[in-house]
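When a ligand or atom number is given, it counts from 1 through the structure's own listing order.
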Amino acid sequence: MLTSKQCIELEATYGAKNYKPIPVVIHKAEGVWVWDPEGNKYLDCLSAYSAVNQGHLHPRIVQAVKDQMDTLTLTSRAFYNDRLGPFLKKLCDVSNLEVALPMNTGAEAVETGIKIARRWGYQIKGVPANKAEIITAKENFHGRTSTIVSFSTDDVARKDYGPYMPGFINIPYNDLKALEATITPNTVAFLVEPIQGEAGVIIPDPGYLKKALEICRKHNVLLIADEIQTGFCRTGKMFCFMHDDITPDILLVGKALGGGVFPVSAAITRKEIMDVITPGSHGSTFGGNPLACAAAEAAIDVLIDEKLAQRSQELGEYFLTKIKAIDSPLFKEVRGKGLFIAIELTDQAGGARQYTERLKELGILAKETHVHTIRLAPPLIIQKVEIDWAISVLTDVFNT
Ligand SMILES: *Cc1c(COP(=O)(O)O)cnc(C)c1O
């Protein structure tokens, strides 16, 4: 077996430097725990950016994928397959929507949402050709395609990738007045994260999404909720929009939909909106493949049967309360919803990276986001005793 050092050197030599990982190599995993090649054990508090909500190697998901692998893996959409229909039905049922378009990565789901909204704008709302506008929020993260980085406000993600896609207008997050003031007759959609994940788990005022939807309705604008990170029980409900008792017009999902095994994403909406998508006008070779469908159906079943929304809600509250109780001069703010938690450090702390590296030394894997924030988002199957252990480690690191 290669050592951690050898693995890191190989990546450094042969890989593009588009990531700056915490220096730990993961060799195997089970549930909330991962191991490096030397046998050291770590608590995963990132969950692959919430793509592993069900825990690593969930036996039921792994079995579903293994069974499917022995039967059928890929057909393309030139033909039907017997796994896609049941998967789409399950996805629509859990999201309170009617029709879904399957893709693979989150960024593809976002692109799909943008395409649906623009077509809807031209064909249903009556926006003049090529004039459609989509409102987005500052500090957003929606993925990495050239269109998506066009409306990013993160210079690192965007710089020197122009020319940029026109038709996007950024407004401050959590600002309903700005939303209403920015809508024009050509606005087709407001694309927003119910909680901004990559920005550092930024939680808007209660009712923000509900009021945003009211404003959108009033002006015949679609609300597109990007729940690629907040979805599938991460925030204590199946979807974060459910805290506001609403349903968005278009829902974008990915990450945990693949159960930690496979990239699976989708844009989900109502029939009258999705009808603007016609044969040949959008697609993906791997989108809706039988293996992905098997993984995703099992991934959703696990969330429901193991009551992971409720777990996320209860254990999230417990974890958050315990972190807040750590007496640390380094904490500026501790915030969270469900098991989606962030510790924002003071400027004096000197950046979060040294603390995520220290946490790694003590057996907790977490990743800093931007400069000063540490996100804690363990798999939702985490046990109370494991949270208690994490608290003791966090106390060691921060109660200085
Ligand atoms: C991760 C993420 C994406 C992009 O998903 P990929 O699978 O990396 O393309 C989009 N939106 C949000 C909110 C995300 O967290």
Side-chain angles (χ1 to χ4, degrees), residues 16 18-19 21 45-53 95 101-117 134 136-154 156-158 161 165 168 170 173-174 189-204 208-209 212 223-235 239-241 248 250-268 284 286-289 292 295-296 299 336-342 366-370 373 375-377:
N18 55 330
Y19 283 90
C45 277
L46 180 66
S47 308
Y49 299 92
S50 292
V52 193
N53 286 357
S95 55
L101 196 160
M103 298 294 281
N104 312 285
T105 65
E108 288 174 310
V110 174
E111 292 278 350
T112 303
I114 291 168
K115 281 183 165 182
I116 295 169
I134 294 176
T136 50
K138 290 182 179 163
E139 313 301 327
N140 68 70
F141 183 83
H142 296 287
R144 301 293 195 170
T145 67
S146 51
T147 288
I148 293 170
V149 298
S150 293
F151 54 87
S152 172
T153 53
D154 176 2
V156 176
R158 186 175 193 275
Y161 288 139
M165 174 70 104
F168 297 94
N170 265 312
Y173 189 62
N174 194 24
F190 175 43
L191 167 61
V192 70
E193 298 158 84
I195 291 175
Q196 286 189 322
E198 290 317 291
V201 189
I202 307 297
I203 305 170
Y208 171 63
L209 215 57
L223 180 76
I224 308 177
D226 179 347
E227 293 237 20
I228 290 164
Q229 193 159 157
T230 53
F232 299 115
C233 306
R234 175 50 62 191
T235 72
F239 293 104
C240 195
F241 67 73
I250 299 176
L251 172 65
L252 308 177
V253 294
K255 293 202 167 111
L257 180 57
V261 178
F262 220 79
V264 191
S265 73
I268 320 166
S284 159
F286 282 87
N289 73 75
K337 208 173 179 77
L339 279 166
F340 202 29
I341 294 170
K367 186 78 170 69
E368 70 280 359
T369 175
H370 291 293
T373 303
R375 172 179 26 202
L376 295 169

For ligand 1, find out whether one of its N or O atoms is nearer than 3.5 Å to an N or O atom of [X].
X: Gly106; answer: yes
X: Glu193; answer: no
X: Gly143; answer: no

Contact between [X] and ligand 1, counting heavy atoms under 4.0 Å?
X: Glu198; result: no
X: Arg144; result: no
X: Tyr49; result: no

*Would you kindly say whether Thr153 and Asn170 are connected by a side-chain donor-acceptor distance under 3.5 Å?*
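Note: Thr153 and Asn170 side chains miss the donor-acceptor criterion.
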
*May I ask which of Leu191, Asp226, Val253 has a heavy atom nearer to atom 11 (N) of ligand 1 than the others do?*
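Minimum heavy-atom distance to atom 11 (N) of ligand 1 goes to Asp226.
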
*Kindly state if atom 8 (O) of ligand 1 has a protein heavy atom within a strict 4.0 Å cut-off, that is, under 4.0 Å?*
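Within 4.0 Å: no protein heavy atom nearby.
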
To the nearest 0.5 Å, how far apart are [atom1] in [X] and [atom2] in [Y]?
X: Thr147; Y: Lys115; atom1: OG1; atom2: NZ; answer: 9.5 Å
X: Ile268; Y: Leu251; atom1: CD1; atom2: CG; answer: 4.5 Å
X: Ile148; Y: Asn140; atom1: CD1; atom2: CG; answer: 9.5 Å
X: Leu209; Y: Leu223; atom1: CG; atom2: CG; answer: 5.5 Å

*asked:* At less than 4.0 angstrom from any non-hydrogen atom of Ala107, what atoms of ligand 1 do you find?
replied: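 Counting atoms of ligand 1 from 1, those under 4.0 Å from Ala107 are 4 (C), 5 (O), 6 (P), 9 (O).
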
_His142 neighbourhood, listing ligand 1 atoms whose heavy-atom distance to it stays under 4.0 Å_ =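 Contacts of ligand 1 toward His142, numbered from 1: 10 (C), 11 (N).
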
*Nearest-contact summary for atom 14 (C) of ligand 1 - protein heavy atom, Å*: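 Checked against all protein heavy atoms, atom 14 (C) of ligand 1 sits closest to Lys255 NZ, 2.9 Å.
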
_Any donor-acceptor N/O pair, Ser47 side chain to Ala377 backbone, under 3.5 Å_ =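 Pair found, side chain donor or acceptor close to backbone of Ala377.
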
_Sole candidate of Glu193, Glu198, Arg234 that passes side chain to side chain donor-acceptor pair (under 3.5 Å) when paired with Gln229_ =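 Testing Gln229 for a side chain to side chain donor-acceptor pair (under 3.5 Å) against Glu193, Glu198, Arg234 leaves exactly one candidate, Glu198.
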
*What residue among Thr105, Val253, Leu257, Asn104 forms side chain to side chain contact (heavy atoms under 4.5 Å, CB included) with Val264?*
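Output: one option passes, namely Leu257.
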
